[in-house]
Amino acid sequence: MKKIQISPSILSADFSRLGNEIKRLEEGRADMIHVDVMDGHFVPNLTIGPTVIKALRNYTKLPFDVHLMISSVHKYIKDYAEAGADIITVHPEATEDLSESINLIRKLNKKVGVSLNPNTNISILDGYLPNIDLILIMSVYPGFGGQKFIPDVIEKIKSLKDIKEKNKYCFDIEVDGGINFSNSKEVINAGANILVSGTTIFKENNGDIKKNIETLRSQ
Ligand code: DX5
Ligand code: ZN
């Protein structure tokens with residue numbers, strides 16, 4: 001059983017002090033930093049791009065788990081690799097050719113992530129699974145932090161775990177959106193080994209990041 005990892009989303013951080021917020025996450029024993037990149041087209045919100053990621057790179061040695069919620073994502077992948085991303089996660093709906101995007105991320109020596117929206121079927125990944133390092137299951141419709149967890153995704157996580165075990169694939173299963181202290185155990189038991197959380201980590205227990213990360217991890 002893989003160790004449960006926590007990837008706090010900086011979407012819920014204080015954007016006026018992102019560097020310090022990343023240091024706080026590292027001190028709070030985060031395993032990686034989830035960076036939500038949004039372009040206002042693929043999702044109805046706009047956040048940060050490669051310039052900001054480059055500026056944040058030297059604040060931590062932790063891996064940058066970069067979630068690209070941007071249209072025509074293929075042509076921007078290299079920029080995020082050069083900015084310091086360690087995991088580059090794309091949405092199949094946002095690239096003209098998923099194979100090409102996966103091969104490009106691989107060629108840039110980054111970990112390959114593919115994200116599925118709540119209404120996207122796992123079957124869209126048929127044939128790609130052996131070449132993917134991480135599958136990001138969205139448990140909210142992407143665009144904003146603080147949304148309510150969609151319980152239907154539990155079955156999707158279980159199905160993905162079955163496929164992974166039957167075929168001895170080694171991809172991580174990461175779940176993202178509305179993760180909190182009351183659903184994290186169920187998400188882990190369904191098969192997730194990486195949890196993304198923004199609101200719970202930054203807001204619960206008066207913003208005690210270390211306590212919130214530990215509580216999520218130890219469910
Ligand atoms: C939503 C983002 C998520 C979100 C998670 O589009 O992809 O990473 O920030 O935030 P919470 O934990 O607040 O739902
Ligand atoms: Zn995300």
Side-chain angles (χ1 to χ4, degrees), residues 4-15 18 21-22 24-25 28 30-49 52-53 56 62-71 73 76 80 85-94 111-120 133-154 156-157 172-188 192-205 207-209 211-217 219:
I4 301 301
Q5 297 187 76
I6 304 297
S7 185
S9 162
I10 56 172
L11 187 63
S12 304
D14 177 347
F15 265 48
L18 275 180
E21 295 282 80
I22 282 176
R24 285 176 68 211
L25 291 171
D31 296 289
M32 56 187 89
I33 305 289
H34 189 81
V35 183
D36 284 311
V37 176
M38 302 179 185
D39 66 355
H41 294 276
F42 184 70
V43 292
N45 196 358
L46 183 65
T47 57
I48 60 174
V52 177
I53 290 174
L56 296 173
L62 288 179
F64 277 176
D65 168 29
V66 176
H67 179 190
L68 295 180
M69 291 164 272
I70 61 178
S71 301
V73 64
Y76 299 107
Y80 287 94
D86 297 282
I87 302 167
I88 297 180
T89 297
V90 298
H91 282 256
E93 310 91 336
K111 279 192 165 186
V112 173
V114 178
S115 182
L116 299 179
N117 280 346
N119 59 343
T120 304
D133 300 306
L134 178 144
I135 295 175
L136 175 58
I137 300 279
M138 293 307 297
S139 36
V140 296
Y141 281 91
F144 298 92
Q147 299 180 77
K148 208 166 161 345
F149 180 83
I150 299 170
D152 291 1
V153 305
I154 291 290
K156 187 189 261 186
I157 300 166
D172 287 316
I173 299 177
E174 183 177 50
V175 182
D176 180 0
I179 299 287
N180 57 39
F181 299 145
S182 55
N183 60 32
S184 52
K185 187 177 175 65
E186 188 184 11
V187 170
I188 292 168
N193 67 293
I194 305 175
L195 302 182
V196 174
S197 167
T199 305
T200 297
I201 287 177
F202 280 97
K203 308 278 187 263
E204 290 295 335
N205 294 305
D208 182 338
I209 286 179
K211 182 172 181 181
N212 294 336
I213 288 175
E214 207 31 58
T215 307
L216 283 176
R217 187 185 279 126
Q219 295 301 331

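Keep in mind that the numbers below use all heavy atoms, side chains included, and drop hydrogens, waters and symmetry copies. One-based numbering, in listed order, for ligands and for the atoms of each.
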Q: Would you check ligand 1 and list the protein residues that come within less than 4.0 Å of it by any heavy atom, ordered by chain and number?
A: S9, L11, S12, H34, D36, M38, H67, M69, M138, P142, G143, F144, G145, G146, D176, G177, G178, V196, S197, G198, T199
(Q) Do S9 and D36 pair up side chain to side chain, a donor and an acceptor below 3.5 Å, judged on atom types alone? (A) yes
Q. Between T200, V140, V187, which is the residue that forms a side-chain contact (heavy atoms from CB on, under 4.5 Å) with I179?
A. V187
Q: Enumerate the protein N/O/S atoms at a distance below 2.8 Å from the Zn ion (ligand 2), ignoring waters.
A: H34 NE2, D36 OD1, H67 ND1, D176 OD2
Q.
Strictly below 4.0 Å, N to O, side chains only: are E21 and R24 in salt-bridge contact?
A. yes
Q: Step by step, work out the side chain to side chain donor-acceptor pair (under 3.5 Å) result for H67 and D65.
A: CA-CA 6 Å; H67 179 190; D65 168 29; over 6 Å; no
Q. Quick check: does any side chain N or O of N183 sit under 3.5 Å from a backbone N or O of G178, one acting as donor and the other as acceptor?
A. yes
**Q.** Gap separating the NE2 atom of H34 from the CG atom of L195, nearest 0.5 angstrom
**A.** 12.0 Å
Q. Around Y76, counting heavy atoms of other residues, nucleotides and ligands shown, do more than 12 lie under 6.0 Å from its OH?
A. no
Q. For T199, does its backbone N or O pair with a side-chain atom of S12 as donor and acceptor, under 3.5 Å?
A. yes
Q) Just by distance, do the side chain of N45 and the backbone of F144 share a donor-acceptor pair under 3.5 Å? A) no
